[in-house]
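Note sheet for the following structure.
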Number of protein chains: 2
Amino acid sequence: MPSAAAEPLTPERILETTEEVLRRFGPTKATVVDVARALGVSHGSVYRHFPSKAALREAVTDRWLAKSVVRLEEIASAPAEPAPSKLEAWLEALFEAKRHKAGDDPELFATYTVLLAESSGVVDHHLSELIGQLTRIIAQGVADGTLAAQDVPAAARAVFDATGRFHDPQYAADWLSPTITAEFEAVTSLIVRGLRA
Amino acid sequence: MPSAAAEPLTPERILETTEEVLRRFGPTKATVVDVARALGVSHGSVYRHFPSKAALREAVTDRWLAKSVVRLEEIASAPAEPAPSKLEAWLEALFEAKRHKAGDDPELFATYTVLLAESSGVVDHHLSELIGQLTRIIAQGVADGTLAAQDVPAAARAVFDATGRFHDPQYAADWLSPTITAEFEAVTSLIVRGLRA
């Protein structure tokens with residue numbers, strides 16, 4: 001990490017550095033002073049952007065979760081794709097995103113699991129966003145006659161709940177199992193079949 | 001608890017007492033000496049039936065899980081019931097059993113959650129038994145043409161995985177939510193619809 005005190009201290013730079021500090025020290029040890037030191041600034045300068053350690057952590061968690069939603073939003077918004085295959089692609093992309101985070105960067109994933117337990121407002125927002133995307137996909141299918149659901153938001157919530165084993169961080173250890181892909185496919189095809197018109 | 005050293009020291013008496021001791025002291029503090037003291041016998045007498053503390057704990061967990069399976073086995077084996085409603089009734093009974101254990105006796109449930117994490121062989125056996133019951137229900141439906149599944153054991157596993165939010169002890173805190181019953185019903189009807197022929 002360059003000390004780079006000459007660059008302007010933007011919220012984005014602070015959040016990037018906080019992510020690196022969390023990766024290095026873990027969520028229990030990392031402090032605002034560590035973040036300020038890595039940036040070559042005073043901790044007062046960090047507090048000017050984020051008024052507390054909790055606010056900084058929430059912002060980091062929010063940013064991390066937002067990045068994972070971008071690809072899912074693209075799938076949910078694709079105009080030409082039929083709803084049933086869109087639903088499958090979305091569930092697969094969600095599982096892939098969570099698995100990658102858990103597998104490629106286990107220290108940071110563990111860090112975020114702790115943060116997730118702390119910042120429930122941020123997580124609730126993330127879950128609502130995901131269920132909102134599912135709602136749009138199912139509504140599209142109901143509108144064009146490929147899917148059937150009496151209560152679309154309830155159906156979206158049911159799809160999200162029924163696939164929890166493949167996106168809830170509590171199950172991260174199971175994602176290394178050699179049979180997990182087959183299990184994911186079995187659940188997905190059961191659910192998509194359950195929604196078909 | 002009566003001291004009742006005169007009664008014969010059966011494995012069943014030891015296990016009943018162990019359950020009470022676990023309820024009183026919790027899984028980290030309860031010892032074989034506590035169990036022996038509650039029974040009014042030497043700890044050697046307990047070890048004659050259960051060679052180690054681990055063996056005793058596994059036997060208690062196994063007994064506790066076996067009790068919850070009895071009602072589910074009755075549903076799975078009911079001769080006249082059509083498979084789709086049998087499947088619904090079975091999933092509801094599983095959720096009810098887990099909820100009751102969590103709600104009526106929270107200390108013991110917390111105790112068992114710890115034991116479950118320790119005694120994976122016992123838990124694996126319990127899960128296989130449950131998935132085996134689901135397999136029989138689905139096979140019955142496939143045989144009489146009410147359900148459709150290409151790979152019956154895989155479909156049973158998918159049903160179990162898709163309903164994890166309503167039986168996995170990790171989610172016990174969610175079972176107190178005022179919306180949990182509606183969420184359970186939405187997932188169950190999605191799954192049963194996904195399996196209908």
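Proteins come first, then strands; the chains are lettered A, B, ... in the order of their sequence lines, and each starts at number 1. This is a predicted model, so every value here is computed, not measured.
- A distance of 5.0 Å separates CG in B/L195 from CG in A/L190, rounded to the nearest 0.5 Å.
- Nearest heavy-atom pair across B/V187 and A/A158 is CG2-O, 3.7 Å.
- With a 4.5 angstrom heavy-atom cutoff, B/V192 does not touch chain A via any of its atoms.
- Here CZ of B/R165 is found 9.0 Å from CG of A/D168. Values are rounded to the nearest 0.5 Å.
- Heavy atoms of other residues, nucleotides or ligands lying less than 6.0 angstrom from CD of A/Q150 number 12 at most.
- Counting heavy-atom neighbours within 6.0 Å of A/H43 NE2, excluding the residue itself, gives a total of 12 or less.
- In terms of heavy-atom proximity, A/R193 sits nearest to B/A148 at NH2-CB, 3.8 Å.
- Using a 4.5 Å cut-off between heavy atoms, A/Y171 touches chain B through its side chain atoms alone.
- Looking only at heavy-atom pairs under 4.5 Å with chain B, the residue among A/E185, A/R196, A/E183 that has the most is A/E183.
- Distance check, rounded to the nearest 0.5 Å: CG of A/D161 to OG1 of B/T163 gives 11.0 Å.
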